[in-house]
Amino acid sequence: MPGPARQGGTEIAAELARLVEIEHTGQPAYVGHFDGGEGDLHAVLAGLGHPQDELAAVVVPMSTGPDPALDAAVRAAVAAAPVRAVAAEPLGPHPLIAEALHDRLADAGLARADRIRMMTMVTAATGVIVATPGDATAVRQAEVTSVLLASRLAAPVFTASLADEAGIRAAGEQLRAAGAASVALAPHVIGPEPEARLVPAAAAAVGAAYAAPLGPHPALARLAALRYVEALSLALAD
């Protein structure tokens, strides 16, 4: 999990770990933070106490897409661990993140829950901005998820960085030029990321309503379990 332990982020991570452990892998799942303090990732790995020749842990970054700083920190923690551990890929991009974004938009009344029922919702947005943490590289990665979300919603979806107000405004203008009468902002964040605090201002910049962060969505737990299995399979094949 990026950054230090924080109340909201810790609760989200703990619920995701519970879902991964109980509903998916059947293996103990722990939460490790960076920047020291309680639940520090280095301390969590050191406390596992497995023999050196056995794989003790798979570390799954709790991020919606590649994050160079976070990914490097995870690799460094794995390399420095006194037990054998491997780093998994970040959660996204993946169709399961598009599913979770869709659900959060539906929770906020900004999208139909599905395309089959074709419910009439006067608040449903006709265009969506997927707002992601990070730079232009992160935006390009998130565009994969945006395409998947657009397919689910049957509506145009553009992608922009949460930290780039000009980019957010440009996405809103493109959507309205494409005929979107109302715009919604879908935060491409789990919740503990510092950038989550930028969501209300980003939405206000384009006059958009916004959904909640993804939080401990069950689709993210399924995805974390998938990344665990992928990394475990590669490690055992070596």
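A distance of 9.5 Å separates CG in Leu70 from CZ in Arg75, rounded to the nearest 0.5 Å. One finds the CG atom of Leu45 at 14.0 Å from the CZ atom of Arg84 (value rounded to the nearest 0.5 Å). Rounding to the nearest 0.5 angstrom, the gap separating the CG atom in Asp164 from the CG atom in Asp135 is 10.5 Å.
No donor-acceptor distance shorter than 3.5 angstrom exists from the side chain of Gln174 to the backbone of Gly172, with no hydrogens or angles considered. Looking only at distances, a side-chain donor or acceptor of Thr64 sits under 3.5 Å from a matching main-chain atom of His188. Distance alone, capped at 3.5 Å, places no donor-acceptor pair between the Arg112 side chain and the Ala106 backbone. The backbone N or O of Ser182 lies less than 3.5 Å from a partner atom in the side chain of Thr126, making a donor-acceptor pair. With Gln141 contributing its side chain and Pro66 its backbone, the two residues share no donor-acceptor pair below 3.5 Å.
Within a 6.0 Å sphere centred on CD of Glu143, heavy atoms belonging to other residues, nucleotides or ligands number more than 12.
Annotation: side chain of Met62 is in contact with side chain of Ile12 (closest heavy-atom distance under 4.5 Å). When side chains are defined from C-beta on, His24 does not count as touching Tyr228, because their heavy atoms never get closer than 4.5 Å. Looking at heavy atoms from C-beta onward, Arg104 lies out of side-chain contact with Leu101 at the 4.5 angstrom threshold. A 4.5 Å side-chain heavy-atom check between Val59 and Val86 finds every atom pair outside the cut-off. The side-chain heavy atoms of Arg227 and His94, taken from C-beta on, include a pair separated by under 4.5 Å. No side-chain heavy atom of Leu214 sits less than 4.5 Å from a side-chain heavy atom of Asp103. Between Val157 and Val147 the shortest side-chain heavy-atom distance does not fall below 4.5 Å. Looking at Ser63 and Pro133, their side chains never come closer than 4.5 Å, going by heavy atoms from C-beta outward.
Heavy-atom minimum distance, Leu41 versus Ala77: CD2-CB, 3.7 Å. When all heavy atoms are compared, the tightest approach of Ala186 to Val128 is CB-CG1, 4.0 Å. Scanning all heavy atoms of the two residues, the minimum distance from Ala235 to Leu55 falls at CB-CD2, 4.0 Å. When all heavy atoms of Val58 and Ala88 are compared, the pair lying nearest together is CG1-CB, 4.0 Å. Heavy-atom minimum distance, Leu148 versus Ala98: CB-CB, 3.7 Å. Scanning all heavy atoms of the two residues, the minimum distance from Ala231 to Ala87 falls at CB-O, 4.3 Å.
Hydrophobic cluster membership is shared by Val78 and Val44, with clusters built from Ile, Leu, Val, Met, Phe, Trp and Tyr side chains linked at under 4.5 angstrom. Leu19 and Leu220 fall into different hydrophobic clusters, where Ile, Leu, Val, Met, Phe, Trp and Tyr residues are linked whenever their side-chain heavy atoms come under 4.5 Å apart, directly or through other members. Following chains of ILVMFWY side-chain contacts shorter than 4.5 Å, one cannot reach Leu234 starting from Leu226, and the two form parts of different hydrophobic clusters. Both Tyr30 and Val74 sit in one connected hydrophobic cluster of ILVMFWY residues. Membership requires side-chain heavy atoms under 4.5 Å apart, directly or through other members. The hydrophobic clustering, which links ILVMFWY residues whose side-chain heavy atoms are closer than 4.5 Å, places Leu223 and Leu149 together.
His33 and Asp40 share no side-chain donor-acceptor pair at under 3.5 Å.
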Candidate pair Gln27 and Glu21, rule side chain to side chain contact (heavy atoms under 4.5 Å, CB included), full reasoning: CA-CA 5 Å; Gln27 299 297 317; Glu21 179 177 322; over 6 Å; no
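Grouping Ile, Leu, Val, Met, Phe, Trp and Tyr residues whose side-chain heavy atoms lie under 4.5 Å apart, directly or via other members, places Ile168 in a hydrophobic cluster with Ile129, Phe158, Leu162, Leu175, Val183, Leu185, Val189, Leu198, Val199, Val206, Tyr210.
Using a 4.0 Å cut-off between charged side-chain N and carboxylate O, Arg169 and Glu165 make a salt bridge.
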